[in-house]
Amino acid sequence: MSEFLIVFVTCEGRDQASGIAEKVVAEGLAACVNVVPGVRSCYMWEGKQMWSDEVLLMMKTTRAGFDRLEKRVKELHSYDVPEVVGVGVEAGFQKYLDWVKSGVRE
């Protein structure tokens with residue numbers, strides 16, 4: 001199991017995404033966050049099929065730091081049930097992974 005994760009979080013807009021990204025990096029919860037605009041999501045919510053234009057965050061963190069990151073995202077996010085999904089990194093440039101580890105306060 002990898003010690004590194006990429007955590008996906010969708011946001012309602014650019015302002016929210018930027019605010020969350022800035023806070024989690026400044027607080028040492030993620031080493032880097034990519035902000036990807038132009039995501040179109042289809043999902044079921046309260047029995048209805050919905051479509052939303054969203055902004056995707058891709059947060060680079062460690063498995064040890066995930067719980068703190070998840071808690072903070074839930075505090076900052078406007079959604080009742082925000083997407084906070086961590087996916088293990090199977091391979092990566094070791095110097096980059098070392099940099100990620102140095103940027104996450106565990």
Side-chain angles (χ1 to χ4, degrees):
M1 184 176 340
S2 172
E3 86 175 279
F4 299 98
L5 297 175
I6 297 175
V7 177
F8 296 96
V9 176
T10 48
C11 297
E12 66 184 359
R14 210 172 255 210
D15 289 344
Q16 181 182 69
S18 296
I20 291 172
E22 288 177 0
K23 286 181 177 69
V24 300
V25 169
E27 295 171 13
L29 303 173
C32 173
V33 178
N34 300 113
V35 180
V36 184
V39 173
R40 181 112 169 108
S41 299
C42 180
Y43 54 95
M44 296 298 291
W45 184 251
E46 297 178 346
K48 296 179 186 172
Q49 187 176 30
M50 309 287 288
W51 283 94
S52 295
D53 293 318
E54 298 180 298
V55 176
L56 175 66
L57 300 177
M58 296 172 34
M59 304 177 174
K60 283 46 153 257
T61 193
T62 61
R63 191 169 296 278
F66 177 80
D67 289 342
R68 289 177 44 241
L69 176 62
E70 177 188 38
K71 180 181 179 204
R72 188 65 170 128
V73 168
K74 290 189 300 188
E75 291 170 356
L76 297 168
H77 212 290
S78 63
Y79 292 173
D80 292 335
V81 183
E83 173 186 10
V84 185
V85 177
V87 177
V89 174
E90 295 302 316
F93 178 47
Q94 191 59 52
K95 285 186 178 184
Y96 179 78
L97 297 176
D98 292 343
W99 174 81
V100 168
K101 187 168 185 163
S102 73
V104 176
R105 291 190 289 265
E106 297 174 2

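Sequential numbering from 1 along the given sequence is applied to the chain's residues.
Connection of Leu76 to Met59 is established within a shared hydrophobic cluster, with ILVMFWY side chains joined at heavy-atom distances below 4.5 Å, either directly or through further cluster members. Under the 4.5 Å side-chain heavy-atom criterion for grouping Ile, Leu, Val, Met, Phe, Trp and Tyr, Leu69 is not connected to Val104 through any hydrophobic cluster. Transitive grouping of hydrophobic side chains (ILVMFWY, heavy atoms separated by less than 4.5 Å) brings Val9 and Val24 into a common cluster. Hydrophobic clustering of Ile, Leu, Val, Met, Phe, Trp and Tyr side chains at less than 4.5 Å, counting indirect connections, keeps Tyr79 apart from Val73.
Listed by chain and residue number, nothing satisfies the side chain to side chain donor-acceptor pair (under 3.5 Å) test with Tyr96 (two or more places apart in sequence, or in another chain). In this view, Ser78 and Glu12, Gln16 satisfy the side chain to side chain contact (heavy atoms under 4.5 Å, CB included) rule, not counting sequence neighbours. Taking the side chain to side chain contact (heavy atoms under 4.5 Å, CB included) definition, one finds that Gln49 meets it with Cys42, Met44, sequence neighbours left out. Here Phe66 pairs with nothing under the ring pair (Phe, Tyr, Trp, His ring centres under 6.0 Å) rule; sequence neighbours left out.
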- request: List the steps, then state whether side-chain contact (heavy atoms from CB on, under 4.5 Å) holds for Lys48 with Glu46.
  value: CA-CA 6 Å; Lys48 296 179 186 172; Glu46 297 178 346; 5.9 Å; no
Test side chain to side chain donor-acceptor pair (under 3.5 Å) applied to Glu54 and Ser41, step by step: CA-CA 7 Å; Glu54 298 180 298; Ser41 299; 2.5 Å; yes
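Shown here for Phe8 and Leu56, the closest heavy-atom pair between the two residues is CD2-CD1, 4.0 Å. Shortest non-hydrogen contact noted between Leu5 and Arg63 is CD2-NH2, 3.5 Å.
To the nearest 0.5 Å, atom CG of residue Leu97 and atom CZ of residue Phe4 are 4.5 Å apart. To the nearest 0.5 Å, atom OH of residue Tyr43 and atom CE of residue Met50 are 4.5 Å apart. Taking CG of Asp67 as the start and OG1 of Thr61 as the end, the distance is 10.5 Å to the nearest 0.5 Å. Between atom CZ of residue Arg68 and atom NZ of residue Lys71 there is a gap of 10.0 Å, rounded to the nearest 0.5 Å. Going from atom NE2 of His77 over to atom CD of Glu70 covers 12.5 Å, rounded to the nearest 0.5 Å.
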Would you list the atom pairs, donor with acceptor, under 3.5 Å between side chains in residues 83-94 and any protein atom, with sequence neighbours excluded?
| unit_1 | atom_1 | unit_2 | atom_2 | d |
| --- | --- | --- | --- | --- |
| Glu83 | OE1 | Thr10 | OG1 | 3.0 |
| Gln94 | NE2 | Asp98 | OD1 | 2.8 |

Side-chain donor/acceptor pairs under 3.5 Å, residues 25-40, sequence neighbours excluded:
| unit_1 | atom_1 | unit_2 | atom_2 | d |
| --- | --- | --- | --- | --- |
| Glu27 | OE1 | Arg72 | NE | 2.8 |
| Glu27 | OE2 | Arg72 | NE | 3.3 |
| Glu27 | OE2 | Arg72 | NH2 | 3.0 |
| Asn34 | OD1 | Lys60 | NZ | 2.2 |
| Arg40 | NH1 | Asp53 | OD1 | 3.2 |

